[in-house]
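Comments concern the structure below.
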Amino acid sequence: MTLSHTGPLSRIRLGTAPDSWGVWFPDDPDQVPWDRFLDEAAAAGYRWIELGPYGYLPTDPEQLRDELGRRGLRLSGGAVFAGLHRGREALKEAIEECRAEARLLTALGAKYLVSLPEGYTDLDGSLTQPVDLTPEQWKDLTSGMSELAGVLHEESGVRLVFHPHADSHVDTQERVLRFLEDTDPEVVSLCLDTGHISYCGGDNIEIIRAYPERIGYVHLKQVNPEIVRQVREENLCFAEAVRRGAMIEPPTGIPAMEPLLAELGQLDADLFAIVEQDLYPCPTDTPLPIATRTRKYFNGCGLRP
């Protein structure tokens, strides 16, 4: 199935992110340098990118504008981790961190901030906190997210989009739907990460159909079902699953992309669909060929650059 650029997917803009180049941290000597990421994102045929971890790309607006402009790139949004289940002090800290990032985003004409929940496993798989939240912690998480989103919207017009994540307190479909029920629909939207939903046993299309008005942003990703089986059988953490190749380029994994894109195309919304294939860690020469093939695949599905 190939859809026209003037057809049902014409309101979806395709982009990529540093994550597809193996970038998980603002500064890591094993990661691709930021200027090489920008060069290769442009060479792979993308026109929209995310910031990645705040501090990975230059945070001076003039410098970043220049670096993006001379490569023909534009910014879709940024990302931030927050442990709002920890209560009011965590919320205050998140507000200040998000304000700093929102200033950079708005200076570059971007209006989306992807908020990721704090994970409960470390890179080596050790637990850093309990897997389940108490009722009080869940309330702090959901009410805090609503308050944080409201502050950003009122102060800067930045739209907070929440990203469910494997090995976090909002991972399974049940928790995602509960999160949507318990947060303010006027200000809190969902960043639908198609790979994380499938990794955690969820159904992306069911979520879209249940809450079409809450889909505010998309991370396009596929997962290898064989690795997911290993995760269940061996009780692997997410970082180890990624090291084994859990996230793979389309169309070889799940969820099936064409029916998912068709569902997104029926939404009455302008959306960013950002390719975000977890590759940490990876050799520096690995990402570009994958990113190029992936862009061509999604162009063939009807997504425009």
Side-chain angles (χ1 to χ4, degrees), residues 13 15-44 46-84 89-119 123 144-145 148-163 165 189 191 193 216-217 219 272 274-282 284 287 291:
R13 288 165 288 183
T16 192
D19 185 52
S20 293
W21 270 256
V23 176
W24 277 11
F25 302 100
D27 185 24
D28 185 326
D30 293 329
Q31 294 177 164
V32 172
W34 65 265
D35 53 347
R36 179 170 177 175
F37 159 68
L38 293 179
D39 289 341
E40 294 190 354
Y46 295 95
R47 295 294 173 261
W48 293 94
I49 65 161
E50 278 186 9
L51 277 178
Y54 188 69
Y56 172 65
L57 293 181
T59 56
D60 176 79
E62 293 302 319
Q63 180 186 4
L64 184 56
R65 184 179 294 110
D66 177 68
E67 296 288 353
L68 296 179
R70 62 191 183 88
R71 294 173 173 88
L73 296 171
R74 297 178 65 183
L75 191 66
S76 64
V80 64
F81 280 88
L84 299 182
E89 288 304 313
L91 174 60
K92 291 178 183 177
E93 181 179 340
I95 288 174
E96 292 309 310
E97 290 178 356
C98 289
R99 278 173 173 156
E101 191 156 348
R103 286 192 290 270
L104 179 60
L105 295 175
T106 54
L108 274 293
K111 64 176 183 178
Y112 293 95
L113 183 57
V114 180
S115 176
L116 299 99
E118 194 174 81
L123 291 177
M145 193 62 60
L148 175 61
V151 168
L152 290 176
H153 179 74
E154 181 178 346
E155 293 184 353
S156 61
V158 167
R159 186 175 179 185
L160 191 74
V161 287
F162 180 80
H163 181 311
H165 200 286
S189 297
C191 171
D193 186 296
Y217 199 86
H219 279 170
F272 279 107
I274 304 299
V275 176
E276 198 202 40
Q277 182 180 344
D278 295 296
L279 287 174
Y280 184 87
C282 70
T284 55

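- In this structure, Ser20 and Pro287 have side chains that are not in contact, with every pair of non-hydrogen atoms separated by 4.5 Å or more.
- The two atoms that bring Leu84 and Gly144 nearest to each other are CD1-C, 3.7 Å, heavy atoms only.
- Atoms CG and CG, on Leu75 and Leu51 in that order, are 4.5 Å from each other to the nearest 0.5 Å.
- The closest donor-acceptor contact from the side chain of Tyr46 to the backbone of Ala291 lies under 3.5 Å.
- Annotation: the span from His165 atom NE2 to Cys191 atom SG amounts to 10.5 Å, rounded to 0.5 Å.
- One distance of note links SG of Cys98 with CG of Leu113; it measures 5.0 Å at 0.5 Å rounding.
- In this structure, Ala102 and Leu152 approach most closely via the heavy-atom pair CB-CD2, 4.2 Å.
- Residues Asp193 and Glu276 form a side-chain contact, since some pair of their non-hydrogen atoms from C-beta on lies under 4.5 Å apart.
- Here the NZ atom belonging to Lys111 is positioned 12.5 Å from the CG atom belonging to Leu105, to the nearest 0.5 angstrom.
- Rounding to the nearest 0.5 angstrom, the gap separating the CH2 atom in Trp48 from the OG1 atom in Thr16 is 14.0 Å.
- Among residues two or more places apart in sequence or in another chain, the salt bridge (Lys or Arg N to Asp or Glu O under 4.0 Å) test is passed with Arg13 by none.
- Under the 3.5 Å distance criterion, the side-chain polar atoms of Ser76 are matched with a main-chain donor or acceptor of Ile49.
- Using bins of under 30°, 30° to 60° and over 60° for the plane-to-plane angle, the ring pair His219/Tyr217 lands in the perpendicular bin.
- In terms of heavy atoms, Ser156 sits closest to Thr106 at O-CG2, 3.7 Å.
- Remark: side-chain polar atoms of Thr284 are not paired, donor with acceptor, to backbone N or O of Val32 under 3.5 angstrom.
- Atom CG of Leu57 is separated from atom CD of Glu50 by 10.5 Å, given to the nearest 0.5 angstrom.
- Here ring pair (Phe, Tyr, Trp, His ring centres under 6.0 Å) pairs that include residues 17-37, with residues two or more places apart or in two chains, are Trp21-Phe37, Trp24-Tyr280, Phe25-Tyr280.
- With a 4.5 Å cut-off on side-chain heavy atoms, Leu108 and Arg65 count as touching.
- Proximity of Phe81 to Glu118: side-chain heavy atoms (C-beta onward) are nowhere separated by under 4.5 Å.
- Thr59 contributes no side-chain N or O that, together with a main-chain N or O of Gly55, makes up a donor-acceptor pair within less than 3.5 Å.
- Between Lys92 and Glu96 no salt bridge is recorded (no basic side-chain N to carboxylate O distance below 4.0 Å).
- Between Glu67 and Asp35 there is no side-chain heavy-atom pair separated by less than 4.5 Å.
- Shortest non-hydrogen contact noted between Gly78 and Glu101 is CA-OE2, 3.3 Å.
- In terms of heavy-atom proximity, Arg159 sits nearest to Ser189 at NH2-OG, 2.8 Å.
- Under the 4.5 Å side-chain criterion, counting only non-hydrogen atoms from C-beta, Pro281 is not in contact with Asp30.
- Counting only heavy atoms from C-beta outward, the side chains of Leu160 and His153 never approach each other to under 4.5 Å.
- Nearest heavy-atom pair, Pro58 versus Leu104, reported as atom, atom and distance to 0.1 Å: O-CD2, 4.2 Å.
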